[in-house]
J.: 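Before anything else, here's the structure in question.
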Amino acid sequence: MEVRWVQHPLGLASFDGGRRGAETGGPVTEQTRRLVLGGATAGVVSRCRDFTRLALDDWQWQGQPEAVEDVLLLVSEVVTNACLHAGGPRELVLRHSPGQLRVEVSDDSSEHPQRRPPGNRALPGGHGLIVLERLAKDWGSVPSGDGRPGKTVWLEIAARDRMTDGPLP
């Protein structure tokens, strides 16, 4: 698998050539885009949305405007949570495979996301995890595996079949 690191207008990013099927050189089974953010908070949500939109365009999600908007909303939510509760995201990783998109946001806080107790729904804040639960196929968080403090919050979204606009099996 070839990985290229480039100075992207939105930050340092990597683009891999895709993981190929079981040692056969078969079709690409996963492509990954990685945006290194280094704990920044200023302008980071819009940078992550722009980066995600470009990746979705590369993966030909243009004909699925509702799905694209759902993904961008979910990216905004998890990146905003990293900014508000964890000092800012360390990196954003997008993994696209047949039938699925996985979004990962890493930060330096070891505290895992928790829903706030129900309050006044008219007040801003506290609704991000509810949105995540409603739009994502699955989500969770895992401790950083690289020996550093922190965690990765991940979510998965079913990719839609471009021919039928239905979920892939």
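Numbering starts at 1 and runs along the sequence shown. Remember, predicted model here, so these are calculated numbers, not experimental data.
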J.: For the residue pair Gly87 and Thr41, what are the closest heavy atoms and their distance?
T.: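 Heavy atoms of Gly87 and Thr41 come nearest at O-CG2, 3.8 Å.
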J.: Are Val93 and Leu54 connected in a single hydrophobic cluster, I mean Ile/Leu/Val/Met/Phe/Trp/Tyr linked by side-chain heavy atoms less than 4.5 Å apart?
T.: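 No.
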J.: Are His96 and Glu30 packed together at the side-chain level, in the sense that at least one heavy-atom pair is separated by less than 4.5 angstrom?
T.: no
J.: Mind checking salt bridge (charged side-chain N to carboxylate O under 4.0 Å, His left out) for Glu156 and listing every partner two or more places apart, or none if nothing turns up?
T.: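 Applying salt bridge (charged side-chain N to carboxylate O under 4.0 Å, His left out) to Glu156 gives Arg102.
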J.: Could you go through the side chain to side chain contact (heavy atoms under 4.5 Å, CB included) check for Trp139 and Leu129 one step at a time?
T.: CA-CA 10 Å; Trp139 75 277; Leu129 293 182; 3.9 Å; yes
J.: In terms of hydrophobic clustering (I, L, V, M, F, W, Y; side-chain heavy atoms under 4.5 Å; direct or indirect links), are Leu84 and Leu92 co-clustered?
T.: no
J.: So, using salt bridge (charged side-chain N to carboxylate O under 4.0 Å, His left out) as the criterion, who are the partners of Asp108 when residues are at least two apart?
T.: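 Asp108 satisfies salt bridge (charged side-chain N to carboxylate O under 4.0 Å, His left out) with Arg90 once adjacent residues are dropped.
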J.: So, using side chain to side chain donor-acceptor pair (under 3.5 Å) as the criterion, who are the partners of His85 when residues are at least two apart?
T.: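 Applying side chain to side chain donor-acceptor pair (under 3.5 Å) to His85 gives none.
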J.: In Å, rounded to the nearest 0.5 Å, how long is the span from CG of Leu94 to CD1 of Ile157?
T.: 9.0 Å
J.: Starting at CD of Glu77, measure out to CG of Asn81 and round the result to the nearest 0.5 Å.
T.: 6.5 Å
J.: Is there a path of hydrophobic side-chain contacts, each under 4.5 Å between heavy atoms, that joins Val105 and Leu72?
T.: yes
J.: Provide the closest heavy-atom pair for Val75 versus Arg49 in the form atom of the first, atom of the second, distance.
T.: CG1-N, 4.4 Å
J.: What is the distance from atom OG of Ser76 to atom CD of Glu69, rounded to the nearest 0.5 Å?
T.: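 With rounding to 0.5 Å, OG (Ser76) is 9.5 Å from CD (Glu69).
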J.: Is Val103 close to Val153 at the side-chain level, that is, under 4.5 Å between some pair of heavy atoms?
T.: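 The answer is no, as the side chains (C-beta and beyond) never meet within the 4.5 Å cut-off.
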J.: Tell me whether Trp59 is reachable from Val68 by hopping between hydrophobic residues (I, L, V, M, F, W, Y) whose side-chain heavy atoms are closer than 4.5 Å.
T.: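 Same hydrophobic cluster.
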J.: How many angstroms lie between CZ in Arg33 and CG in Asp58, if you round to the nearest 0.5 Å?
T.: 5.0 Å
J.: Out of the candidates His112, Gln114, Glu104, only one should pair with Ser141 under the side-chain hydrogen bond (donor to acceptor under 3.5 Å, both in side chains) rule; please name it.
T.: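 The passing option is His112.
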J.: Looking only at atom types and distance, does a side-chain atom of Arg95 sit under 3.5 Å from a main-chain N or O of Thr32, one as donor and one as acceptor?
T.: no
J.: In Å, rounded to the nearest 0.5 Å, how long is the span from CG of Asp107 to OG1 of Thr152?
T.: 7.5 Å
J.: Enter the distance from Leu155:CG to Asp138:CG here, rounded to the nearest 0.5 Å.
T.: 9.5 Å
J.: Ignoring hydrogens, what is the shortest heavy-atom contact between Pro89 and Ala40? Give both atom names and the distance.
T.: CD-O, 3.4 Å
J.: Where is the tightest heavy-atom contact between Val131 and Leu74, given as atom of each residue plus distance?
T.: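 So the minimum-distance heavy-atom pair works out to O-CD2, 4.1 Å.
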J.: If every non-hydrogen atom of Cys48 is compared with every non-hydrogen atom of Leu37, which pair is closest and at what distance?
T.: SG-CD1, 3.6 Å
J.: Taking Glu111's backbone N and O only, do any of them form a donor-acceptor pair with Lys151's side chain (distance below 3.5 Å, no angle check)?
T.: yes
